Number of protein chains: 4
Amino acid sequence: MTKTKYTEKRDLLIEAGLRVFSRKGFSGSTIKDIAQEAGVTSGLIYHYFDNKEDLLWGIIEEHTLNHKLYNIIKFSTEDLTIDELLKNILTAVFNFLKEKPYFISMFLGEAQRNPKIRKRLINLIREATEGLSYFISNKYKLDFHYVEVAVRNTLTASFMHHLLYMEGDNPVINEERYIQNTIQQLSKVLN
Amino acid sequence: MTKTKYTEKRDLLIEAGLRVFSRKGFSGSTIKDIAQEAGVTSGLIYHYFDNKEDLLWGIIEEHTLNHKLYNIIKFSTEDLTIDELLKNILTAVFNFLKEKPYFISMFLGEAQRNPKIRKRLINLIREATEGLSYFISNKYKLDFHYVEVAVRNTLTASFMHHLLYMEGDNPVINEERYIQNTIQQLSKVLN
Amino acid sequence: MTKTKYTEKRDLLIEAGLRVFSRKGFSGSTIKDIAQEAGVTSGLIYHYFDNKEDLLWGIIEEHTLNHKLYNIIKFSTEDLTIDELLKNILTAVFNFLKEKPYFISMFLGEAQRNPKIRKRLINLIREATEGLSYFISNKYKLDFHYVEVAVRNTLTASFMHHLLYMEGDNPVINEERYIQNTIQQLSKVLN
Amino acid sequence: MTKTKYTEKRDLLIEAGLRVFSRKGFSGSTIKDIAQEAGVTSGLIYHYFDNKEDLLWGIIEEHTLNHKLYNIIKFSTEDLTIDELLKNILTAVFNFLKEKPYFISMFLGEAQRNPKIRKRLINLIREATEGLSYFISNKYKLDFHYVEVAVRNTLTASFMHHLLYMEGDNPVINEERYIQNTIQQLSKVLN
DNA sequence: GATGAATGAGGGTTCATTCAT
DNA sequence: AATGAATGAACCCTCATTCAT
């Protein structure tokens with residue numbers, strides 16, 4: 001399936017928008033910033049998006065963690081221990097957060113003032129949480145609701161950890177160790 | 001120690017600022033909004049604060065969760081079980097979040113774009129986390145670092161929970177139950 | 001004389017332009033609006049017209065009341081009373097205004113800012129006024145200048161009436177009666 | 001009753017707005033144009049008016065013909081002939097139009113696209129028409145509705161005349177004579 | 001002929017900040 | 001201390017026009 005030229009350029013703008021929004025936040029970014037980042041002029045953005053918020057929306061729709069989490073579930077083999085599974089999941093989460101360092105912060109920030117964005121964020125987290133919890137509770141015979149709280153807390157704590165302690169290449173807190181500790185504790189909760 | 005008139009008026013502005021910033025976020029609030037909320041005119045704010053950000057800073061300094069947490073530790077009696085202690089702590093946290101519903105969201109939001117604010121937020125969380133962890137690990141003979149991760153995760157997950165699921169009077173998720181579950185799991189981690 | 005393809009398409013654009021300009025005014029209409037109304041894309045309009053104003057000009061040239069008024073004169077029989085003639089004329093004027101409800105308003109509106117358009121409008125009204133006045137003064141042996149003022153006032157008052165009191169299907173003032181009264185008074189002036 | 005400073009400046013902006021709007025039309029004028037004309041910066045206009053349209057509205061409210069027409073009625077003596085009265089009225093109308101040469105054109109132009117403005121214009125004309133007609137029909141024992149049509153037609157024809165034939169200092173049509181002719185015919189209608 | 005992506009100037013509006021009163 | 005008029009930079013967005021395809 002080849003991409004049309006329209007789609008290609010639209011994607012280019014979305015990538016530029018992601019970079020700029022992530023760097024400066026939504027209201028801190030100007031349309032001109034984004035146009036410059038994409039190597040076009042400001043007017044063009046309005047050819048592909050209705051307005052600034054519509055661009056943000058486009059970015060959010062394009063970048064989601066959930067697809068990766070589904071894959072982890074899908075390709076997890078029979079004999080995986082719960083610790084191994086948790087490690088896979090948390091590693092994927094942290095990789096995602098590192099690949100798009102400020103995306104989650106921008107997303108969360110906008111969610112505070114924009115109800116539509118908030119609903120989308122809640123929904124994504126719910127989908128991820130429920131998907132993982134369903135899988136785990138099923139596979140290891142645990143109570144769904146109990147698992148769900150644990151998973152959601154771990155997920156959201158990871159987001160917060162990322163938001164607060166990841167400063168460019170200079171993480172305030174050792175990440176490796178944080179993941180290890182977190183897995184260990186989550187594992188304890190689930191056993 | 002009686003308050004000077006200067007201090008009184010300054011506090012009034014801080015309270016007004018907190019209310020407005022919490023309602024509309026930092027960049028969504030105007031100096032005029034805040035002046036109106038305080039019943040003064042916009043120019044006056046510049047008598048008490050250098051600029052908008054300085055006002056935000058004043059607000060943050062004035063409103064902290066940590067004082068309450070210290071009190072919980074200070075007045076906790078000898079024979080408190082760990083579950084009881086955890087309940088006290090989480091309840092205090094949630095009460096704080098409910099009293100100033102959007103404060104944490106504003107704080108976190110600004111922390112993303114403003115490094116000075118971010119450092120302050122990290123510091124506050126670190127102080128709270130370390131204080132509680134030190135107390136708990138000491139009292140119940142647990143490894144400090146292990147406790148710290150658990151406490152920080154729980155604390156930040158609570159913030160996230162508040163950010164995402166508290167919609168005015170219509171919480172998306174039952175709070176009572178969320179606290180119970182979270183305590184139960186934290187307790188399991190710490191035992 | 002068969003129409004070339006070029007002329008056909010040009011006319012189509014003119015008709016679309018008339019509809020859109022009439023609906024939204026000149027500066028309220030966009031080239032895209034008109035292109036869409038015509039079922040083409042915006043670029044094409046620049047094949048047939050130099051720019052937006054040139055299109056307006058094309059529209060104005062194509063739509064004129066005067067042709068109809070000439071016909072009324074041309075086909076008026078010998079024994080027509082002056083009241084019957086006046087009725088024919090005013091009816092034609094009002095029918096024209098109703099067929100192209102907002103055309104005159106757009107025309108007049110643009111005439112205010114655009115001297116070229118103003119000259120054209122004045123000219124059209126002068127032609128119509130003079131033509132009618134010449135015919136009437138001749139036929140009924142009246143002073144030309146006296147008739148001219150009466151005719152022009154009646155004509156322009158009708159335009160104004162249309163501009164102000166015709167709101168879609170809900171005319172603010174009863175039209176039938178307005179025409180009757182106006183004829184009666186014009187007739188009195190001319191007798 | 002002394003004017004406050006606020007009112008004075010507001011009036012200054014209204015006068016500047018009137019001049020600029022009249023010269024260039026509403027959408028042809030920029031806020032900066034008006035600010036420059038008033039000798040202030042653009043931002044200040046928003047201190048006194050909500051937006052561009054609100055300024056237009058302020059202008060319209062401030063400049064009305066009707067007050068003058070009321071005075072003519074009020075101070076007309078007992079033994080005035082109908083021709084003298086008509087002359088007074090039409091002279092007042094034309095003086096008004098000459099004092100604010102493009103005001104009526106701007107007003108009428110905006111009335112076409114802005115329903116609120118249209119309603120106001122219709123209302124003003126109705127008030128003027130009804131006031132004059134009531135007075136005339138009463139004083140000279142004529143049918144009100146019959147007088148009303150005549151008055152409204154004369155009034156609106158005068159507006160149109162002004163719109164079309166007044167070009168700066170070079171009127172296309174001799175005004176003195178136009179007034180005379182118009183009075184003569186109106187008088188004939190009313191006798 | 002026809003498309004529609006791309007430009008870029010320009011408009012209305014907001015608002016932190018200053019300062020004369 | 002307190003006011004609020006005034007500034008002016010910056011922002012989002014529109015749209016006539018051009019041009020490669």
Side-chain angles (χ1 to χ4, degrees), chain A residues 4-6 8-10 13 26-35 38-55, chain B residues 5-6 8-10 13 26-36 38-55, chain C residues 5-6 8-10 13 26-36 38-55, chain D residues 4-6 8-10 13 26-35 38-55:
Chain A
T4 65
K5 254 198 163 170
Y6 180 89
E8 250 177 39
K9 183 66 84 145
R10 196 173 179 277
L13 292 177
F26 179 75
S27 62
S29 307
T30 70
I31 288 292
K32 266 198 176 127
D33 286 340
I34 295 164
V40 300
T41 49
S42 60
L44 189 61
I45 291 179
Y46 292 88
H47 194 65
Y48 293 91
F49 302 93
D50 286 346
N51 48 44
K52 201 182 171 187
E53 187 179 322
D54 189 36
L55 171 60
Chain B
K5 255 205 160 170
Y6 179 88
E8 252 179 36
K9 186 68 106 177
R10 197 174 178 277
L13 293 177
F26 179 74
S27 63
S29 306
T30 71
I31 289 291
K32 262 195 179 128
D33 286 339
I34 295 162
Q36 202 166 28
V40 300
T41 51
S42 59
L44 189 62
I45 291 180
Y46 288 86
H47 257 301
Y48 294 91
F49 302 93
D50 287 345
N51 49 42
K52 202 182 170 188
E53 187 180 323
D54 188 37
L55 170 60
Chain C
K5 255 202 160 170
Y6 179 89
E8 253 178 36
K9 186 71 107 180
R10 196 172 178 279
L13 293 178
F26 179 74
S27 63
S29 305
T30 70
I31 289 291
K32 262 198 177 127
D33 286 339
I34 295 162
Q36 201 166 29
V40 301
T41 50
S42 59
L44 189 61
I45 291 180
Y46 289 85
H47 256 298
Y48 293 91
F49 303 93
D50 288 347
N51 49 43
K52 201 181 170 187
E53 188 180 321
D54 188 37
L55 170 61
Chain D
T4 63
K5 258 207 160 160
Y6 180 89
E8 251 178 39
K9 183 66 85 147
R10 196 173 178 279
L13 292 177
F26 179 75
S27 62
S29 307
T30 70
I31 289 292
K32 269 195 176 129
D33 286 339
I34 296 163
V40 300
T41 50
S42 60
L44 189 62
I45 291 179
Y46 291 88
H47 195 65
Y48 293 91
F49 303 93
D50 286 347
N51 49 43
K52 202 182 170 187
E53 186 179 323
D54 188 37
L55 170 60

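Just so it is clear, the model here is predicted, and its values are computed rather than measured. Here is the naming used below: chain letters follow the sequence lines, and residue numbers restart at 1 for every chain.
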Rounded to whole angstroms, how far apart are [atom1] on [X] and [atom2] on [N]?
X	N	atom1	atom2	answer
A:Y48	E:dG4	OH	P	12 Å
A:K5	E:dT3	NZ	P	18 Å
D:D33	E:dG10	CG	C1'	11 Å
B:I34	E:dT17	CD1	P	11 Å
B:L55	E:dC15	CG	P	16 Å
D:N51	E:dC15	CG	C1'	16 Å
A:F49	E:dA5	CZ	C1'	14 Å
C:L44	F:dT17	CG	P	15 Å

Identity of whatever pairs with E:dG10 - Watson-Crick or G-U, under 3.5 angstrom:
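Base-paired to F:dC13.
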Find the partner of F:dA20: check Watson-Crick (N1-N3 plus N6-O4 or O6-N4) and G-U wobble (N1-O2, O6-N3) distances, both under 3.5 Å, and reply none if neither fits.
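Checking every strand shown, F:dA20 finds its partner in E:dT3, with both distances under 3.5 Å.
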Students often get this wrong, so: under 4.0 angstrom with heavy atoms, is B:S29 touching a base, only sugar-phosphate, or nothing?
sugar-phosphate
Can you tell me if the side-chain N/O atoms of A:Y46 get under 4.0 Å from OP1 or OP2 in F:dT14?
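The answer is no; no side-chain N or O of A:Y46 sits under 4.0 Å from OP1 or OP2.
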Do A:H47 and A:L44 make a side-chain contact, defined as non-hydrogen atoms from C-beta onward lying under 4.5 Å apart?
yes
Does C:I31 or B:I45 map to a spot on DNA chain F nearer the 5' end, using the closest nucleotide for each?
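Its nucleotide being nearer the 5' end, the pick is B:I45.
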First of C:E53 and A:D50 reached from the 5' end of DNA chain F, by closest nucleotide
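So the residue in question is A:D50.
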Closest approach of [X] to [Y] (non-hydrogen atoms, all atoms of both residues):
X	Y	answer
C:F49	C:R10	CE2-NH2, 3.4 Å
B:A35	B:I45	N-CD1, 3.8 Å
D:K32	D:S42	CG-CB, 4.1 Å

Nearest heavy atom decides the nucleotide; on that basis, is B:F26 or D:K52 closer to the 5' end of DNA chain E?
D:K52
5' priority, DNA chain E, between A:V40 and A:K32 [closest heavy atom]
A:V40
Just wondering, are more than 12 heavy atoms of other shown residues or ligands nearer than 6.0 Å to CD in B:Q36?
no
Report yes if a donor N or O on one partner sits less than 3.5 Å from an acceptor N or O on the other, where the partners are the side chain of A:H47 and the base of E:dA6; otherwise report no.
no
